[in-house]
Each structure stands twice: as structure tokens, then as C-alpha cells.
Amino acid sequence: MDIIAGLNPAQKEAVQTIEGPILIVAGPGSGKTRVIAHRVAYLITVCGTSPYHVLAVTFTNKAAREMKERIYHLLGRTVEGLTLGTFHATCARMLRIEAERIGIDRNFLIYDDSDQINLLKRSLEHLGLDPKQYPPRGVGAAISSAKARLLAPAEYRAVVGSYFEEITSRVYERYQELLRESNALDFDDLIMRTVHMFRNHPDILARYQSRYVHVMIDEFQDTNFAQYTLSRQLGGKYRNICVVGDPDQSIYSWRHADLRHILDFEKDFPDARVLYLEQNYRSTGVILKAADHVISVNQERKPKGLWTENKAGEALVVAEAYNEQDEAYFVVNEVEKLVRSGKWRAGDCAVMYRTNAQSRAIEEAFIRYGFPYRLVGATRFYERREVKDVLAYLRLIHNPHDGVSLSRIINVPVRGIGQRTFAEVVKYAGEKGLSLYPALKRIAAEGGADIPLGTRSKQALADFVSMVEEFASLNREADLVVLFDAILEKTGYKRFTLESVDGEERWENILELRNVADGYRDLEPGESLARFLEEVALVSDVDNLEEKADAVTLITLHQAKGLEFPVVFMVGVEEGILPHSKSITDPAQLEEERRLCYVGITRAKEKVYLVHAFRRSLMGSSALNPASRFLADIPPELIKSPSRTPAASESPVATRIPAGHEPVKEPAAAAPSLSLKAGDHVSHARFGEGVVVNCAASGGDHQVTIAFKGDAGIKRFLLSLAPLMKL
């Protein structure tokens, strides 16, 4: 019974209730991941359930890793046979196992967002449609929505109701044809094809239903119709389906998540038990009270009473700056104060915003002030050009029908296969009814007799085919790292990278990818490449977030879901930003914006700053935005300053920032008291000793560039603001 030691009464009940349908409404910071992990361990050790009969589904790889680690520590061993992972990873494995029965190649690739866009562009091109008139991302979103509703191309075509949907149906059909030719599935296919497999093959469904006696679904409020259907299919025999979630944290309707799935769970399962996890272990009492006042206005929810044994904590800081620059410098200045106090690190702080475009001003302020930060949602590691190139070689070796990867690297590095040559290959493949690489193999085998190309071009194509075949042979014999190194040398990609702009940095990224590949060294040749490519394809930004990095995290509110930080700054808490302008006239969308605000506040452990600007320029336009209506829902006694939108005649900044929280601003006239010149030795409160490289006038201030000793490197500061001492 040590499995339930240390759990609170509600958590114990959730762990020990194992029969029949169960809905666990888990508030933020209430330990739901802990409960699921303990529940798995309880089933295995106390109830004697074989791990083979347990399925636990999460929404991120990060959550799955954390759950596996918790289960390992509880049981003291790795659990063999347990199915634990994301919806997409779980479905990918099922589809590979059943591939022959459902008519797909088990070596299928999983196309990521950029691959999908490339394929959508080709689909539009094949149909003679202008991508400017029909943007690939817009068409792709419509196709994704169709797949979330389990509509295959023919089914979607039958329900189109507008001209755009008619165009989308045509692109959808061609897009799926190109996916088949490439032996690839996109993310939505993984779920849809699994549901269709179970519908069309009752014997396969019966086998998985018999296997999974206990089914647990995390973040149930974020399921779309396809995921919801899959959950019901898998739990259909024993009905031991346990779903965990919180309607107040449903913020992904734009990903087709449907709040009704969790709100109507009791209608779908009339005998369901509903349990509430209401004790919060994350936040202070004041933060919880403020969040509760914000979310309690919503109608579409399951009311709960969050409480905590944590200290009451500090009041929330509500600050209004004049514009987005002052807002950014207020944040940087406040972070500097927190770090200087010695109580917090830079890595304890997160800046959250509603839209990605808001990060620009924040980034510029951190750069100018010389403060470390990390931007979540910037170019993902696996989307960097050099990483995508090497992965394209590996994917083509694994799946020779992958036209997207072939198109990417057939002339990278340059090997004499230009656009005209490749266009002839594409034309030839179409005439022969072949995908691109088999067409290349035929051209090479027949000496290019049927294709109007010069001898040099034909030889370049033959050499390329020979090289890929050599790699394919090596893949069957050697481990993944040997194959990886052979690709870099044989293709000349190593030299190509090091000789390019930012070559050293790009080469470091390739070496980091090699480190990832090294983790698959123990698997059999061939299998290691397949496993590596699948797991790489399913990685997301948040999965790679390094929690120990000592830098301020810049992140959207949507991406922050599931994370926590000691200090949270929410910026742009204004009408038109949060809530977003597109949601204000739609009650359902407005409730989701309120949930988004609630999620942001409840990410914080100790301190919350809610910042808004009197005037904001964003995406080419400028507006005077009132403070968000959500701020008015927080009682005045829970905030340090009841900062509200001032009259237009008030001075721009000073009267609207709570005392002691003035923004970092460039002085209007007075020069800084400290005088520095190149060669002076100085000491910085954070970065230690350094030498002044340059000190130049900037407005009424000076910008000083300093080379610090050690790892700090070169930093730039505004002289009037930097904590510097001349040595």
C-alpha cells in the first residue's frame, strides 16, 4: 500500500477507483500527472493487472516522459508491456503493427508541418490553383479540420457548402494521393486512419479492446472528435475508461478540441463516477483566488473549489505602460530586480503573451539590456535547414517513395542536378506512373534513353541513385551512427556545411542530431533508423524545453499549458489582445479567452505580473486598448495597484505604473552620471569584471559595449540603467 502513501484523500480515491467509467476533474497544480502514475502503479502492484493490459495516453512527449519516470520510481523498475505515450505515437505503433492488413507500408514516414506545406503546394500546382489565392496553410487547416471530424476526401466532398470548401475537397483528394505515393502519413492521418482501421476491421478492434482492460486519457478537455472516438473504441469492451482533465483549461478549439467531450462525459457514460482534485500544490493562495475570480464568470464549466495549504503570498502586480516598448522594459527591469534580490534566477521567470508577434518588443528589450532569454516557438531544432537536410537523406534511405525528401536533397550539396533536370524527372515519373525515386532508378538502369537530358545530367542522376543504394545497403548492416557519418562524408555535406555562412553553428546542430541518433545505437540495423525517424517526427517545442536553463522563458499562453514557473509576467492584458479581437463577439470564443487568461495566471507559483499598454503598435497598426475586462474581475485587495485605463490627458507613463515598478526607459535628456570610455575596466552586478569596448551616445543616454571575462562574453547596456562600477 506504499503506492498511495503521501497522496491526499481525493488523490487516493482517484487512484483506488478502478472499475467502470471515471471522470477526474483536476484543477491546475493538483497533481494529476502524479495521480495517473500512481494509478498505473496501483493497478500493477495492488490489483495484479498485467502492464500489457494498461493504456495511458498523454498529449505531449514531455508529459509521457515525466509519467514514465514517476512510475519507474514508484516500482523501482522499468515496466515492460505498458502502453504509455501520446495519441499520435500510440496510433503510429498500432498502424505499423497492422500495416499489412490495412494496405499500407509499415515503413511509412510521418510528415511534419513543413512537409505538409510542401505537399500542399505541389497539390495546388498539380490542380492549376494559385497558392496566393488559396494559401496552403489555410487549405491545410481546412483539411486538418476534416480529418479531425473523420472525413475522408469522398466524405468531405459530400458535405461541402462553399466554393472554398469545394476547392479544398479537390486539393484534399490530390494531397492524399501524394501522401500515398510518398508512403507517408501526416499527424491527423495517424488518428483518423486508426479509427477507420477499427471501424473497418472489427477483429483488429476486438483484439485491442481485449488487450486494454484499463484505458486512461489525460487532458481529456483537449480531445478532438477523432481522438474522442478512438478513446471510446479502445475502452468499449471493459468500459474501465478513466479520463482526466479540466474544462477550465480547454484552450485549443483552433486545433479542433471540443469542450463538450468532458462536459458531456456523464451523458455518454451515465454510470460514470466524477471525482475532483481541488488541492493545489503549485500556487499561493492569492494567485488561486485571483484565478478563481477570473474563471468563475464562465458558464461552460464544472465548478470546483481550488484551495491550497501554501502561504497566502504576494498580491498580483497590475501595471499599465504607455506602449509596448515601455511594457517590455518594465518586464526586463523587474526581472533584473528579482534576480538582483538573490531570491530568484532568470530561469524562474516566464513572459507569456497571447500572440507570437508580441515577442518582438520583449526580445529587443532583453537583447538591449544584455539579459539572457530563450524563445519557445522560434525555429525548432528539427526545422533548421541543416537538420532537415540530413533527416531528408535518412528518410529517403528508409522510404524511397518519399518525394518530399528526395526533392529537398537531390541537388544538396550541388551535384549537377538542376531545376530543368529535376523537372524532366518529375515529368518522366508522371508519364510512367512511378514515384520519383523508382523513376530515377529506372532512368539509371536504362541509361536515360527515354528522357531528353544530356550525358552529364544522366550521369549525375545515376551517381545519385548509386549513392542512395549504397546507403540503403549500409543501413541493413551497420548501426545508425555509422550510417549518419557515411552520409555526411559521402555526400560532401560536412564540407558543404562548414564552408557556408554560420557554418560552425550549423555543424554544431548536425553534431547534436548525431548525439540523438547515438541513442539508438543498441537497436538492430534498419530498426534503429525507423525508430529514430518516428520519434523525431513526433517531437514538439515544449518537449525540448530545458527547464534548468538560467534564462527568462518567452512563450505564448497556449504553449505554456502544462508548465509552471515561480514568476509569471503576462503582457498585453488588453481588450483586443486578451481577449483577442476575433473572439469578442462570440460568447464561446470569449469564454475560451478567459480560460486562456486563467491558464496563464495558474502557471505561477509565487508572483504574477499582469501588464498592459495604453497604446500598442502591433502587426502594422496602432491602437489605444482599454485594459482587459478580465482584470476587472480580480478583487482590488488581491492586486498591488488597481491600475486601470487613465484619461487621455494623463501623463504617458509615470502615473500609471505602481510605485516601485517604473519601466526601464531611456532618459529624455539627462546623461548618465558614470563616464566611461573604451579601455575602462568595470564590474557588473551580474556578469562580473569586464573591459569597455565602446561607449556611444544614444538619445539622452549612452550605449556601452563591454567584453566580460569567462562565459558572459560581449554585452550591451544603456549606461544609465546598467548596474556598473568603474574599477
Side-chain angles (χ1 to χ4, degrees), residues 1 3-4 7-27 30-59 67 70-71 74 79 81-85 87 90 194-195 198-199 202 205-223 225-247 250 258-279 301-304:
M1 299 302 291
I3 295 298
I4 62 172
L7 300 179
N8 67 41
Q11 291 174 333
K12 287 179 182 178
E13 185 179 10
V15 167
Q16 294 177 300
T17 305
I18 59 172
E19 298 293 335
I22 302 159
L23 167 60
I24 301 174
V25 180
S30 61
K32 69 180 179 65
T33 303
R34 186 185 189 201
V35 164
I36 297 173
H38 279 255
R39 204 168 187 276
V40 171
Y42 184 85
L43 285 168
I44 294 170
T45 59
V46 179
C47 302
T49 304
S50 167
Y52 181 79
H53 293 305
V54 179
L55 167 65
V57 179
T58 68
F59 262 77
M67 210 172 289
R70 287 175 180 267
I71 293 169
L74 283 169
V79 180
L82 172 68
T83 303
L84 194 165
F87 269 110
T90 302
T194 304
V195 172
F198 288 152
R199 283 181 177 175
L205 173 60
R207 183 156 27 92
Y208 283 97
Q209 284 182 333
S210 295
R211 173 178 178 177
Y212 295 126
V213 179
H214 293 276
V215 176
M216 284 172 275
I217 311 293
D218 192 13
E219 303 287 7
F220 196 66
Q221 77 281 347
D222 293 333
T223 53
F225 180 69
Q227 292 163 334
Y228 173 73
T229 303
L230 178 65
S231 303
R232 295 199 65 176
Q233 286 177 323
L234 290 169
K237 180 177 181 179
Y238 296 102
R239 300 181 77 255
N240 295 326
I241 179 169
C242 173
V243 302
V244 186
D246 181 7
S250 178
D258 193 335
L259 180 62
R260 291 173 299 179
H261 296 155
I262 192 167
L263 292 177
D264 294 345
F265 187 79
E266 294 154 89
K267 294 180 183 177
D268 297 331
F269 297 91
D271 57 334
R273 292 193 61 178
V274 182
L275 307 175
Y276 288 83
L277 302 181
E278 298 175 308
Q279 182 176 358
R301 61 188 301 258
K302 286 184 175 293
K304 55 187 178 298

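Along the sequence shown, the residues carry numbers beginning at 1. Keep in mind that the numbers below use all heavy atoms, side chains included, and drop hydrogens, waters and symmetry copies.
Summarising the geometry of S250 relative to D222, their closest heavy-atom pair is CA-OD1, 4.0 Å, with the distance given to 0.1 Å. Closest approach of G27 and K304 over heavy atoms only: CA-CE, 3.6 Å. Scanning both residues, M67 and T33, for their nearest heavy atoms gives CE-CG2, 4.1 Å. Taking all atoms of both residues into account, the shortest heavy-atom contact from I3 to A41 is CD1-CB, 3.8 Å. Across all their heavy atoms, D271 and P21 have their closest contact at OD1-CG, 3.4 Å. Of all the heavy atoms in V35 and A14, the pair that sits closest is CG1-CB, 3.8 Å.
Checking side-chain atoms of H261 against main-chain N and O of T223 turns up a donor-acceptor pair under 3.5 Å. N240 places no side-chain N or O within 3.5 Å of a backbone atom of E19 that could act as its donor or acceptor partner. When atom types are taken as modelled, the side chain of Q209 and the backbone of Y238 share no donor-acceptor pair closer than 3.5 angstrom. Between the side chain of R39 and the backbone N or O of T17, at least one donor-acceptor pair lies under 3.5 Å.
Cation-pi check for R232 over F269 is met; the charged atom lies under 6.0 angstrom from the ring centroid and within 45 degrees of its normal.
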Query raised in the report: How far apart are the C-alpha atoms of L82 and I71, what are their side-chain angles, what is the distance that settles it, and do they pass the side chain to side chain contact (heavy atoms under 4.5 Å, CB included) test?
Result: CA-CA 11 Å; L82 172 68; I71 293 169; 4.0 Å; yes
Query raised in the report: Can you check side chain to side chain contact (heavy atoms under 4.5 Å, CB included) on L234 and F198, steps first, answer last?
Result: CA-CA 9 Å; L234 290 169; F198 288 152; 3.8 Å; yes
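Contact check for I217 versus Y228: no side-chain heavy atoms found under the 4.5 Å cut-off. Using a 4.5 Å heavy-atom threshold, the side chains of S231 and I241 count as touching. In this structure, H38 and L74 have side chains that are in contact, with non-hydrogen atoms separated by less than 4.5 Å. Between P247 and V25 the shortest side-chain heavy-atom distance falls below 4.5 Å. Side chains of I36 and T58 form no contact here, defined as non-hydrogen atoms less than 4.5 Å apart. Contact check for Q221 versus E219: side-chain heavy atoms found under the 4.5 Å cut-off. No side-chain heavy atom of V40 sits less than 4.5 Å from a side-chain heavy atom of H214. Residues K302 and L263 are in side-chain contact: their nearest non-hydrogen atoms beyond the backbone lie under 4.5 Å apart.
By the 6.0 Å contact criterion, CZ on R260 is open, its count of non-hydrogen atoms from other residues, nucleotides or ligands being 12 or less.
The CZ atom of R273 lies 12.0 Å from the CG atom of L23; values are rounded to the nearest 0.5 Å. Going from atom OH of Y212 over to atom OG1 of T90 covers 7.0 Å, rounded to the nearest 0.5 Å. Rounding to the nearest 0.5 Å places CD of Q227 at 11.0 Å from CG of D258. The CG atom of L205 lies 9.5 Å from the CG atom of L230; values are rounded to the nearest 0.5 Å. In this structure, CG on L275 lies 15.0 Å from NZ on K12, to the nearest 0.5 angstrom. Taking NE2 of H53 as the start and OG1 of T83 as the end, the distance is 11.0 Å to the nearest 0.5 Å.
Between V215 and the options V54, V243, L55, a side-chain contact (heavy atoms from CB on, under 4.5 Å) holds for only L55.
Between K32 and D246 there is no salt bridge, since no side-chain nitrogen of the basic residue lies less than 4.0 Å from a carboxylate oxygen of the acidic one.
Using modelled atom types and a 3.5 Å distance limit, the side chains of Q11 and E13 yield no donor-acceptor pair.
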